[in-house]
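Heads up, the thing below is written out as structure tokens.
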Protein chains: 2
Amino acid sequence: MTPDASVPDTLRQRLRQAGLRVTAPRLAVLEWLAEHPHATADQVATGVRGQLGSVSTQAVYDVLGACARAELVRRIEPAGHPARFETRTGDNHHHLVCRRCGRTEDVDCAVGAAPCLEPSDGKGFAVDEAEVVFWGLCPDCLVASPTTAAHHHEEGRA
Amino acid sequence: MTPDASVPDTLRQRLRQAGLRVTAPRLAVLEWLAEHPHATADQVATGVRGQLGSVSTQAVYDVLGACARAELVRRIEPAGHPARFETRTGDNHHHLVCRRCGRTEDVDCAVGAAPCLEPSDGKGFAVDEAEVVFWGLCPDCLVASPTTAAHHHEEGRA
DNA sequence: ACGTAATCTGGAATGAGTCAAGAAAACGAT
DNA sequence: ATCGTTTTCTTGACTCATTCCAGATTACGT
């Protein structure tokens with residue numbers, strides 16, 4: 001099946017330029033993900049199924065995996081939460097993650113260009129990425145929080 | 001059973017001060033962990049069993065969980081690898097993690113005291129921690145690596 | 001239009017971690 | 001020292017996210 005022609009050509013081109021075949025699931029995943037950043041694999045699957053009718057879970061993981069390898073999508077795996085995906089790649093931006101609900105937001109690198117890119121002592125590692133995650137509670141969970149601001153670590157991570 | 005008297009009193013005191021009961025599994029976990037930083041729950045269980053004879057997996061998770069809540073141990077969960085634990089808490093230090101084998105090393109905060117502690121735009125989140133992970137290949141995996149330095153992202157993340 | 005290699009389907013399996021119910025042990029007061 | 005209460009440990013089943021497998025399908029280069 002030649003995939004839906006309504007999808008912007010740019011997506012097709014990006015896939016092709018990355019050496020990936022253009023398939024309906026891939027276009028749908030990329031398109032949906034662009035509109036819903038920081039979605040989980042499950043959310044992507046649901047969203048894509050709403051457009052294509054049915055797509056296997058495996059296909060979703062394959063697409064996400066292939067696109068992540070090709071750097072068309074970026075995978076974030078916040079501790080204690082399922083992985084999340086976004087189409088913003090290339091710029092070394094960081095994330096703000098809610099401990100409670102997992103809501104994730106982008107944060108531009110605080111200290112300019114590449115401040116956090118080199119550890120003080122690399123111990124012989126070939127470092128290729130500095131990942132920064134700001135942990136806290138999102139506005140919604142702050143309001144819904146049973147423990148008032150007085151306590152500091154009453155929560156316990158899920 | 002009154003726990004083994006050979007364990008340094010400081011461990012007992014730390015547990016008590018944290019409001020936790022002093023039990024053999026807890027002492028053993030803390031003691032073993034102090035000597036083997038960045039161990040996985042499974043490794044902790046194995047190590048502790050070597051000292052106490054037998055300890056349930058659940059007990060190990062409970063101990064680690066309780067101690068993490070009391071900030072006697074810190075839990076690190078590098079994406080794609082099982083959680084790791086360490087007894088160094090309080091100092092906001094960061095980590096160097098090997099993408100391939102998961103080997104984890106401590107890194108002092110590169111930029112001094114609290115440079116990475118505040119995101120440029122918090123979006124209303126109540127941020128309480130800035131986690132920094134430097135990803136790369138450890139010296140051993142660098143040597144064992146099939147792809148020479150020429151390629152850049154041929155690996156694919158587990 | 002064809003052949004082939006890459007991709008998708010469906011279902012089973014894995015691994016890390018958690019839940020639940022009851023037995024056991026530590027703490028605090030008597 | 002002993003008792004009762006409360007926390008902690010044991011055993012075993014279970015969840016969730018993700019991966020593995022074998023076979024059917026499909027996109028792409030010629």
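In what follows, chains are A, B, ... by sequence order, proteins preceding strands, each numbered from 1.
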Quiz item: Between A:Ala41 and B:Val63, which is nearer to the 5' end of DNA chain D once each is assigned its nearest nucleotide?
Solution: B:Val63

Over all strands shown, is [X] touching base, sugar-phosphate only, or nothing at heavy-atom distances under 4.0 angstrom?
| X | value |
| --- | --- |
| A:Ala83 | sugar-phosphate |
| B:Thr57 | nothing |
| B:Thr40 | nothing |

Nearest-angstrom distance from the residue atom [atom1] of [X] to [atom2] of [N]:
| X | N | atom1 | atom2 | value |
| --- | --- | --- | --- | --- |
| A:Glu77 | D:dT18 | CD | P | 7 Å |
| B:Leu20 | C:dC27 | CG | P | 11 Å |
| B:Arg49 | D:dT11 | CZ | P | 10 Å |
| B:Gln58 | D:dA13 | CD | P | 14 Å |
| A:Leu64 | C:dC8 | CG | P | 11 Å |
| A:Tyr61 | C:dA12 | OH | P | 18 Å |
| B:Asp62 | C:dA16 | CG | C1' | 15 Å |
| A:Leu52 | D:dT25 | CG | C1' | 15 Å |

Exercise. Please figure out whether A:Arg21 or B:Arg84 has its closest DNA chain C nucleotide nearer the 5' end.
Key: A:Arg21

Nucleotide nearest [X] (side chain, heavy atoms from C-beta), chosen from [options]:
| X | options | result |
| --- | --- | --- |
| B:Ala59 | D:dT8, D:dT10, C:dC8 | D:dT10 |
| B:Arg26 | D:dC9, C:dC8, C:dG17 | D:dC9 |
| B:Pro25 | D:dC9, D:dG29, C:dT7 | D:dC9 |
| A:Val22 | C:dT7, C:dC27, D:dC28 | D:dC28 |

Practice problem: Applying side chain to side chain donor-acceptor pair (under 3.5 Å) between B:Glu86 and each of B:His93, B:His36, B:Arg75, report the one that passes. | Solution: B:His93

Quiz prompt | Same cluster (ILVMFWY, side-chain, under 4.5 Å), B:Ile76 and B:Leu33 | solution = no

Self-check item: Taking every non-hydrogen atom, the tightest pair across A:Ala34 and A:Thr87
Solution: CA-OG1, 3.7 Å

Quiz prompt | Spacing of B:Leu11 atom CG and B:Arg26 atom CZ [to the nearest 0.5 Å] | solution = 13.0 Å

Quiz item: Is the shortest side-chain N to carboxylate O distance from B:Glu105 to B:Arg103 below 4.0 Å?
Solution: yes

